[in-house]
Amino acid sequence: MADHILVAVAWPYSNADIHVGNLTGSYLPADIFARYHRLKGNNVLMVSGSDAHGTPITVKADAEGVPAEQVYQRYHARFIELFQKLGLNYDLFTSTHTENHAKVSQAIFLALKENGYLYTEEQKQWYSESLKKFLPDRYIEGTCYICGYDNARGDQCDNCGNVLDSSQLINPRAKADGSTPELRATTHYFIDLGKLEPQVVKFLESRKSYWRPNVVTRSLGWIRTQGLRGRPITRDLDWGIPVPVEGWEDKRLYVWFEAVIGYLSAAIEWAGISGDKEAWHSWWTEASARSYYFIGKDNIDFHAILWPAELAGIGETFANIFEGKSGKSLNLPYDVPANEFLNMEDRKISGSRNWGVWGLDFLERYDPDPLRYYLTVNMPETSDANWDWDDFVRRNNNELVATWGNLANRVLSFAYRNWDGKVPWPGELRVADETLIKTVDAGFDSVGKLLEGVKLRAALGEAIRLAGEVNKYLDEQAPWSAIKTDKAGAATTIFVALNAIDSLKILFAPVLPHTSQLLHETFGYSEPLFGEQYTETKKDNLGAHTVLRYRTGAATGSWAPSNLQARTKLQEPKPLYRKLEPEIAEEERKRLGNLREAE
RNA sequence: GGCGAGGUAGCUCAGUGGUAGAGCAGGGGACUCAUAAGCCCUUGGUCGAGAGUUCGAAUCUCUCCCUCGCCA
């Protein structure tokens with residue numbers, strides 16, 4: 001029976017381009033996992049979108065003198081371009097700046113309020129008389145009260161690195177006009193996390209046995225040592241989702257509170273545009289559905305604690321408010337396989353210093369599958385990993401090209417040349433043939449189990465190992481010698497090797513979809529392994545937003561061993577991957593740290 | 001300072017009680033279908049330090065050192 005798998009992917013903040021660290025942290029593992037489940041025949045719903053709200057975006061917009069919406073739209077378009085080029089198959093990649101998302105977020109707010117999990121409290125916040133508005137911490141500068149640095153930001157000091165309490169800044173001034181702000185009282189809604197703590201702890205304990213230790217121990221440790229405290233969920237801003245309470249028109253929902261709701265609102269939006277408004281329930285209210293949240297470690301608190309707290313707090317009330325009828329409560333996360341960070345040449349990736357490799361930039365010079373390969377084989381699943389250009393070239397040449405690409409190429413070209421462009425007719429299988437087929441077929445189980453457990457690195461390693469087994473088999477059988485004296489025997493060997501490669505193509509497909517597709521076509525199949533991506537523009541009363549979508553179409557890829565038939569016509573084989581010159585490592589390193597042209 | 005993660009071969013990392021592993025790099029060999037790829041053999045580690053539990057510890061406990069992250 002097919003399972004319902006919700007693949008919930010981190011929402012990129014739409015004020016900067018996506019770099020390889022972001023990709024390996026969440027977007028790529030999500031796609032690999034989703035592709036595997038699609039091949040398995042499960043019902044996958046992979047959703048995400050641009051995080052359009054919040055002060056980083058308004059700060060950037062103010063600096064450029066353009067509306068916040070323009071900044072978000074620009075990066076949103078670039079995200080979609082990258083995801084198409086890299087083949088990240090979102091069922092829906094949308095945005096938080098939609099009417100639907102606002103409605104869902106407001107319903108969650110109201111459900112929490114009705115269930116008694118919200119309260120209001122007065123805070124002191126900087127207010128600018130000249131600008132006539134409250135200023136978020138990022139809009140304040142002043143002298144750091146820890147190190148005395150003159151140009152500390154309101155939320156953090158760039159000199160000593162400490163996180164600051166903006167109300168303690170010495171000589172505060174408004175970034176916008178240099179005026180001196182004053183602390184003024186302002187009232188905000190808070191989510192009563194203290195009250196929800198027992199439910200969150202119970203949730204975490206129930207997941208403890210199979211979650212990654214760094215996610216669950218860290219979360220439980222956090223709660224054990226400091227306990228959960230109320231946290232504000234509204235702000236004095238004008239860019240964002242209005243607070244659905246009379247008299248609160250000039251405040252907005254805090255972006256941390258509303259962005260995580262996107263996993264739900266995007267599923268609801270997807271159902272709406274797919275023609276079955278109720279379809280999202282299969283992933284959200286059916287107890288047998290499983291949800292996996294692919295995020296970087298900086299987001300663990302939001303997904304392992306705060307989002308579950310929101311979900312626990314709304315209970316069944318959400319259905320009453322949002323759908324106007326009674327319904328079931330929403331599923332809590334099944335797993336949160338958060339990744340650690342990827343460093344760049346031993347240093348932290350930094351956008352402002354241009355120390356990193358940006359996805360779109362990379363794809364101007366290299367193909368998508370080598371990037372997917374390197375980021376997977378080097379994925380920071382258990383600890384921080386490091387992007388090293390020499391290592392990238394080595395792994396591309398020694399593993400991807402030599403072990404796998406060359407295997408496919410040597411066997412296909414041998415078959416193509418000696419058997420008239422067709423899969424040769426095998427004789428009776430010998431012990432070695434049976435053994436190899438059995439070994440490769442077992443990969444559907446072993447690689448599958450690893451993918452299912454979100455051990456993507458190990459899964460890829462296992463697939464590479466199996467490719468090595470085929471290389472060994474070929475060496476033992478030496479069909480290039482056998483063909484001179486025993487063409488029938490050589491035909492059997494080549495048939496078996498082709499069969500193995502046809503299977504390996506599927507085992508590699510979640511990680512290397514583009515080249516697996518190429519191989520698939522070389523083997524003469526006409527239907528594609530996967531469906532296709534496309535974009536659409538949707539309009540609502542907040543304006544227009546482009547969405548990235550996915551349709552299965554004619555795809556027939558399936559997680560099962562090859563059923564290759566003798567005499568199948570092959571396409572002329574071409575190398576799957578390019579060898580890279582070692583010199584490119586040095587060239588690429590030179591690009592690091594240079595300031596880019598503003599996009 | 002608190003919490004968390006990590007410290008295993010030159011490099012990147014697997015390995016949670018039972019004779020130290022993989023890939024790459026280094027050395028040697030046979031082969032030649034293939035993107036000078038693949039295959040076979042091989043050098044190399046007191047598993048951060050010390051103590052303890054155990055018949056047995058990289059693996060469990062304690063103390064300490066180092067790196068990273070979060071928080072204060």
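Lettering of chains follows the sequences in order, A, B, ..., and the numbering in each one begins at 1.
Taking atom P on both nucleotides, B:rG7 is separated from B:rU61 by 15 Å, rounded to a whole Å. Using C1' as the reference atom, B:rC31 and B:rG26 are 22 Å apart when rounded to the nearest Å. If you take atom P in B:rA30 and the same atom in B:rU19, they sit 36 Å apart, rounded to whole Å. Remark: the separation of the P atoms in B:rC55 and B:rU12 is 39 Å, to the nearest Å. Between the C1' atoms of B:rG48 and B:rA34, the separation comes to 45 Å (whole Å). Annotation: B:rC11 and B:rG45 have their C1' atoms spaced 14 Å apart (nearest Å). Comparing B:rG27 with B:rU43, their C1' atoms are spaced 7 Å from each other, to the whole Å. Taking atom P in both B:rG38 and B:rG23, the straight-line distance is 12 Å, to the nearest Å.
A:W480 has its ring centre no less than 6.0 Å from the ring centre of A:F414. Aromatic rings from A:F362 and A:F392 are positioned such that their centres are separated by under 6.0 Å. Taking the six-membered ring for Trp and the full ring otherwise, the centers of A:W387 and A:Y374 sit less than 6.0 Å from each other. Separation of the A:Y334 and A:Y210 ring centroids falls under the 6.0 Å cut-off.
Donor-acceptor pairing under 3.5 Å is lacking for the side chains of A:Y119 and A:H188. Counted by atom type alone, A:R591 and A:N354 present zero donor-acceptor pairs between their side chains at under 3.5 Å.
Look at B:rG10: its Watson-Crick or wobble partner, with both distances under 3.5 angstrom, is B:rC24. When Watson-Crick and G-U wobble pairs are counted only if both distances are under 3.5 Å, B:rU19 pairs with no nucleotide at all. As the counterpart of B:rG44, no nucleotide is assigned, since no Watson-Crick or G-U wobble pattern has both distances under 3.5 Å. Nucleotide B:rG4 forms a pair with B:rC68, judged by Watson-Crick or G-U wobble geometry with both contacts under 3.5 Å. Nucleotide B:rA30 forms a pair with no other nucleotide shown, judged by Watson-Crick or G-U wobble geometry with both contacts under 3.5 Å. Using the Watson-Crick or G-U wobble rule with both distances under 3.5 Å, B:rA36 pairs with nothing in any strand shown. The partner of B:rU53 cannot be assigned: no Watson-Crick or G-U wobble pair with both contacts below 3.5 Å exists in any strand.
Atom pair A:D384:CG and B:rC70:P shows a separation of 10 Å (rounding to whole Å applied). Look at CG on A:N378: it is 10 Å from P on B:rU12, rounded to the nearest Å. With rounding to whole Å, A:I464 atom CD1 is found 11 Å from B:rG38 atom P. Look at OH on A:Y374: it is 13 Å from C1' on B:rG23, rounded to the nearest Å. Put simply, CG on A:L342 is 10 Å from P on B:rC13, counting in whole angstrom units. Atom CZ of A:R218 is separated from atom P of B:rC68 by 17 Å (rounded to the nearest Å). Here the C1' atom of nucleotide B:rC70 and the NZ atom of A:K297 are 9 Å apart, to the nearest Å. Remark: C1' of B:rG23 and CD of A:E469 are 15 Å apart, rounded to the nearest angstrom.
Phosphate proximity of B:rA25 to A:N398: present, with a side-chain N or O under 4.0 Å from OP1 or OP2. Remark: A:T217 is not in phosphate contact with B:rC3, judged by side-chain N or O atoms under 4.0 Å from OP1 or OP2. For A:K348 and B:rG69, the shortest distance from a side-chain N or O to OP1 or OP2 is below 4.0 Å.
Counting non-hydrogen atoms under 4.0 angstrom, A:R465 reaches nothing in the nucleic acid. Contact annotation for A:E399: backbone-only contact, meaning every heavy-atom pair under 4.0 Å involves sugar-phosphate atoms and none involves a base.
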Please walk me through it: do A:T515 and A:Y577 pass side chain to side chain donor-acceptor pair (under 3.5 Å)?
CA-CA 8 Å; A:T515 45; A:Y577 308 101; 2.7 Å; yes
Could you walk me through whether A:Y13 and A:H53 pass the ring pair (Phe, Tyr, Trp, His ring centres under 6.0 Å) test, one step at a time?
CA-CA 8 Å; A:Y13 222 57; A:H53 300 138; 9.6 Å; no
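Mapping A:R395 and A:W222 onto RNA chain B via the closest heavy atom, the residue that lands nearer the 5' end is A:R395.
Nearest nucleotide to the A:S383 side chain, out of B:rG6, B:rG38, B:rA25: B:rG6.
No more than 12 heavy-atom neighbours from other residues, nucleotides or ligands sit within 6.0 angstrom of NZ on A:K438.
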Sugar-phosphate atoms are those with a prime plus P, OP1 and OP2; base atoms are the rest. Using that split, label each nucleotide of nucleotides 27-36 of chain B B, S or - for protein heavy atoms under 4.0 Å, 5' to 3'.
----SSBBB-
